[in-house]
Undergrad: 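Sending over a structure as structure tokens; questions will come in a sec.
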Amino acid sequence: MIKHFISLPFLAGIAGAINLQIASNGGNASSPLMYGLMFEDINHSGDGGIYAELINNRAFQGNREYPSTLEPWVPVGNAILTLQNTSIPLSSALPTSVNVAPKPHSNTAKIGLLNPGWWGIDIKPQKYTGSFWTLCSFQGTFTVKLQSNLTDEVFASLDIPSLCQHNKWVEHTFELIPHVAAPNSNNTFVIEFDSSSGSVNFNLISLFPPTYNNRPNGNRPDLMEALKSLNPSYYRIPGGNNIEGDIFHYPWRWNETIGPLTQRPGRPGTWGYTNTDGLGLVEYLNWCTDLDVEPVLAVWSGMYLGNDVGHILTAEALAPWVDDTLNELEFILGPVSTPYGSLRASLGYPEPWPLKYLEIGNEDNLYTNGSSTYAAYRFSMFYDAISAAYPDLKIISSTGDYTAVGGSGSTATLTDYHVYSRPDTLVSMFNHFDHASREYKSLIGEYAIVQGNVEGPPQGVDWDLPKFDYPIWIGAVSEAIWSIGAERNSDAVVGMSYAPGFQNLNSYSWSPDLISFTADVSQTVLSTSWHVISLLSNNRYTSTVPVTSDSPIGPAYWVAGTSGNGKYTFKTAIYNSTSPLPFNITFEGVEKGTPGLLTVLSAPGGLSANVLEENGAPANVVTKNEINLVAGSGGLFEFKLNNWEVAVLTT
Ligand SMILES: *[C@@H]1O[C@H](CO)[C@@H](O)[C@H](O)[C@H]1NC(C)=O
Ligand SMILES: *[C@@H]1O[C@H](CO)[C@@H](O)[C@H](O)[C@H]1NC(C)=O
Ligand SMILES: *[C@@H]1O[C@H](CO)[C@@H](O)[C@H](O)[C@H]1NC(C)=O
Ligand SMILES: *[C@@H]1O[C@H](CO)[C@@H](O)[C@H](O)[C@H]1NC(C)=O
Ligand SMILES: *[C@@H]1O[C@H](CO)[C@@H](O)[C@H](O)[C@H]1NC(C)=O
Ligand SMILES: *[C@@H]1O[C@H](CO)[C@@H](O)[C@H](O)[C@H]1NC(C)=O
Ligand SMILES: *[C@@H]1O[C@H](CO)[C@@H](O)[C@H](O)[C@H]1NC(C)=O
Ligand SMILES: *[C@@H]1O[C@H](CO)[C@@H](O)[C@H](O)[C@H]1NC(C)=O
Ligand SMILES: *[C@@H]1O[C@H](CO)[C@@H](O)[C@H](O)[C@H]1NC(C)=O
């Protein structure tokens, strides 16, 4: 499907304007979902990322792959910290706690423990909501503090009378309101107590800043705002690889991510550490509610990550997972009279969530035997059971093609197509969906430019070579062209989502990513790709319209659409032009004097990335210019665009 369009020597000869006449009808309906989001819980983009919990390793969760650890807790004032499985556990999900004891023969009265957060804690004069559980007989007061890790400054401190009871875990809750903002995020959270009456066991030590929409156990407001301002329509949750589990064969289990935090054991995540599962199924669905997007729920379909023998379940072994998916769907969609609908109601959600899309697996075409087992039984087992119980659910296959067929003979009508690419290659795929079937549709569930151009014809990604650390402007322009190609076919392409969404700058394993962040909310970096999506996604229309042109596609790539009532949207991106390009555009029915708004994204500083600079300030290479135009005689809009610009004209 890779077609090469342009040859530069030919282009160099074009001097006149690109003359375009845009018709008022005769196009195709556009997908209302067109721009969406994809979350992948890669290194600390959930825990330590958008999930707002400030305490790192709050409940000493461990498992076969990543045993419980004290990291990054440190003792305060001659304390000895020891992990213990007490005979009375906080819960069967959270059996391990930290015992804080005075060092023998030490005289320090105050002892305690300190947590540095996820590479720091952002401190502002706002309400922090905290809690911790104790097993002890201590009867004095605990002191909780937010303090600098660099100076002696204490930003907030509170004494909490002990509620300890003999042989019983007890929760303490509190609120901390710092009196000033800390100058940086090198801060820690501390709990101290008087050691004279012996040791205390602590577990589930939690501290939240204000969250988006004030959700308890919620998300970081700044990162939610960064998603919300993309005007997204869907959200692929709870991730791709995140549902699978690696060689320890532990896929995401919805039923272990719900209910009180004391009931969530956590799991070995796919990116090198234990996931707390504080960000669980209910939180994912609320996240969709808060962004006002359609959830696209992924369920695991029997293939673990890796290619070890035994990483694909047999039909017999897979059957319980089909039942488990039906339980999950009953939890989300079922009436309160059903067992799992009732469980949902017991958690405070009597109303079902509005789930319409479900994806069976993730990239099941990968690995030896992936495609063949998916087509032979894995897809159909889920498809048949789910479509029988929930006939209105739109079911998506994960292989990017239409090879998977339901056992009843019906084919998946929607498939998830992923592309990671290089700029020239993605531009050469501009017409990828031009000849796609309209009966069967695609969701571009993941796309990104991850490596640069190489000599010679367009090439795929070399996964043995490094990827970009951050999205760069030439990549963002080529993604704009790919998006414009998808929009032209948005009767066949249901939607598209850049992946992955987040990069924790203190510990990341997959790059580039859409949004980078640290604990310091002033350091959030919106990537070049983010700016392109924001422009394209905030300018929607309901159907495409035909464009008549005297110029070939390339170096300008375009699409035009209308929402009726004489409203038009024209989108274009310029790639590899040797000179500025004049445009002459008319829209059918638009007369002289009609105002238009031309929004142009460019990167005057070159084809580089939006990054966090050494001084800690986000640097933005993307410039956005808004230019008011007025249609001249015959309704003609005239303007010029330079190479590497992405523009939208609305009228
Ligand atoms: C754009 O159209 C106008 C009106 O038809 C014409 O005068 C002008 O020469 C055109 N511009 C170019 C660069 O072709
Ligand atoms: C509408 O879709 C058809 C293919 O189904 C395509 O040939 C045509 O160019 C599309 N029209 C527009 C304006 O996008
Ligand atoms: C607690 O129990 C778990 C599960 O049996 C075990 O893996 C872990 O090593 C124990 N931890 C301690 C500190 O005893
Ligand atoms: C502050 O914290 C950041 C992030 O953990 C770290 O990189 C930096 O070195 C710290 N600064 C100092 C002066 O400790
Ligand atoms: C800073 O945090 C580290 C743990 O990250 C801890 O070892 C150290 O004692 C802290 N220093 C101060 C002054 O709080
Ligand atoms: C969750 O479901 C799995 C698979 O059905 C089951 O093995 C597991 O015991 C369940 N966990 C809980 C906590 O109910
Ligand atoms: C793929 O399937 C073949 C035939 O069933 C089997 O021999 C082989 O071990 C499988 N490979 C993997 C990696 O599962
Ligand atoms: C862009 O220009 C370079 C030469 O400068 C050429 O190798 C490449 O194929 C062009 N790419 C596209 C998509 O036009
Ligand atoms: C991912 O996170 C884990 C746990 O914090 C860490 O050990 C690992 O080094 C991280 N990976 C990268 C590439 O930073």
Side-chain angles (χ1 to χ4, degrees), residues 20-31 34 54-57 70-79 81 111-121 123 145-155 157 182 184-192 247 249 302-315 317 364 366-378 430-442 484-493 506 519 541-549 553 557-562 568-571 587-588:
L20 303 171
Q21 287 92 46
I22 294 168
S24 64
N25 55 59
N28 304 305
S30 293
S31 166
M34 201 59 203
L54 293 169
I55 305 301
N56 184 346
N57 191 21
L70 277 170
E71 280 283 311
W73 291 95
V74 289
V76 171
N78 279 323
L81 308 187
I111 59 167
L113 71 175
L114 173 152
N115 192 285
W118 301 97
W119 300 278
I121 296 178
I123 296 184
K145 293 190 283 188
L146 281 170
Q147 63 187 36
S148 172
N149 193 241
L150 307 175
T151 69
D152 292 339
E153 190 160 5
V154 174
F155 302 102
S157 174
N184 53 51
S185 59
N186 287 66
N187 306 307
T188 57
F189 173 73
V190 172
I191 308 181
E192 284 177 346
I247 51 163
H249 291 188
M303 185 177 82
Y304 301 106
L305 288 174
N307 204 17
D308 54 323
V309 172
H311 79 131
I312 295 178
L313 298 195
T314 61
D364 283 279
L366 297 185
Y367 307 121
T368 313
N369 301 347
S371 282
S372 59
T373 55
Y374 192 72
Y377 62 91
R378 293 193 292 127
F430 174 70
N431 63 347
H432 183 82
F433 290 99
D434 284 5
H435 309 292
S437 147
R438 264 55 192 165
E439 187 185 352
Y440 302 142
K441 296 175 193 274
S442 300
I484 287 170
E487 281 195 33
R488 287 164 75 104
N489 291 290
S490 62
D491 54 331
V493 177
N506 288 113
Y541 47 83
T542 53
S543 72
T544 58
V545 284
V547 180
T548 309
S549 163
I553 288 276
Y557 299 78
W558 59 76
V559 63
T562 184
Y568 291 95
T569 306
F570 172 79
K571 303 184 180 182
F587 298 92
E588 188 181 341

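In listed order, ligands and their atoms are each counted from 1. Keep in mind that what you see is a predicted model, and the values were worked out from it rather than measured.
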Undergrad: Does ligand 2 have a heavy atom under 4.0 Å from the side chain of Asp434, from its backbone, from both, or from neither?
TA: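 Neither part.
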Undergrad: For residues Ala182 and Asn187, report the shortest heavy-atom separation together with the two atoms involved.
TA: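 So the minimum-distance heavy-atom pair works out to CB-ND2, 3.5 Å.
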Undergrad: Run Tyr367 and Leu305 through side chain to side chain contact (heavy atoms under 4.5 Å, CB included) and show every step you take.
TA: CA-CA 9 Å; Tyr367 307 121; Leu305 288 174; 3.8 Å; yes
Undergrad: Show, in sequence, the C-alpha distance, side-chain angles and deciding distance for Thr542 and Ser30, and conclude whether the side chain to side chain contact (heavy atoms under 4.5 Å, CB included) test is met.
TA: CA-CA 5 Å; Thr542 53; Ser30 293; 5.8 Å; no
Undergrad: Mind checking side-chain hydrogen bond (donor to acceptor under 3.5 Å, both in side chains) for Asn489 and listing every partner two or more places apart, or none if nothing turns up?
TA: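 Result, side-chain hydrogen bond (donor to acceptor under 3.5 Å, both in side chains) vs Asn489: Asp434, Arg438.
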Undergrad: Decide yes or no on side chain to side chain contact (heavy atoms under 4.5 Å, CB included) for Phe433 and Arg488, but give the supporting numbers first.
TA: CA-CA 9 Å; Phe433 290 99; Arg488 287 164 75 104; over 6 Å; no
Undergrad: Quick one: which ligand 2 atoms are inside 4.0 Å of a heavy atom on Thr544?
TA: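 Selected atoms, number and element: 12 (C), 13 (C), 14 (O).
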Undergrad: Hey, is Arg438 touching ligand 2 through its side chain, its backbone, both or neither, going by heavy atoms under 4.0 Å?
TA: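 The answer is the side chain of Arg438.
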Undergrad: Short N or O contacts of ligand 7 with protein, under 3.5 Å, listed by atom name?
TA:
from: ligand 7; atom 1: 2 (O); to: Asn369; atom 2: OD1; distance (Å): 3.4
from: ligand 7; atom 1: 2 (O); to: Asn369; atom 2: ND2; distance (Å): 2.2
from: ligand 7; atom 1: 11 (N); to: Asn369; atom 2: ND2; distance (Å): 3.0

Undergrad: Which atoms of ligand 2 have any heavy atom of Arg488 under 4.0 Å away?
TA: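 Those atoms are 14 (O).
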Undergrad: At their closest point, which heavy atom of Val76 faces which heavy atom of Leu113, and how far apart are they?
TA: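 Looking at all heavy atoms of both residues, the shortest contact is CG2-C, 3.8 Å.
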Undergrad: Taking the side chain as everything from C-beta on, heavy atoms only, tell me whether Val493 gets closer than 4.5 Å to Met34.
TA: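 Yes - at least one pair of side-chain heavy atoms lies under 4.5 Å apart.
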Undergrad: Hey, which atoms in ligand 2 end up nearer than 4.0 Å to a heavy atom of Gly27?
TA: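 Numbered from 1, ligand 2 contributes 13 (C).
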Undergrad: Using a 4.0 Å cutoff against the non-hydrogen atoms of Val545, which atoms of ligand 2 qualify?
TA: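 Listed by number with element, the hits are 13 (C).
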Undergrad: Closer than 4.0 Å to some heavy atom of Pro116 - which atoms of ligand 5 meet that?
TA: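 Every atom of ligand 5 under 4.0 Å from some heavy atom of Pro116: 5 (O).
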Undergrad: Would Asn149 count as a polar contact of ligand 5, with the cut-off being nitrogen or oxygen pairs under 3.5 Å?
TA: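 N/O-N/O distance below 3.5 Å exists for this pair.
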Undergrad: Parallel under 30°, tilted from 30 to 60°, perpendicular over 60°: which one fits the rings of Tyr568 and Phe587?
TA: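 Rings of Tyr568 and Phe587: tilted, as their planes differ by 30° to 60°.
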Undergrad: Side chain to side chain contact (heavy atoms under 4.5 Å, CB included), that's the test. Do Trp73 and Asn56 meet it? Break it down for me.
TA: CA-CA 8 Å; Trp73 291 95; Asn56 184 346; over 6 Å; no
Undergrad: For Ile111 and Ala79, which heavy atoms make the closest approach, and how far apart are they?
TA: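 Looks like CB-CB, 3.8 Å.
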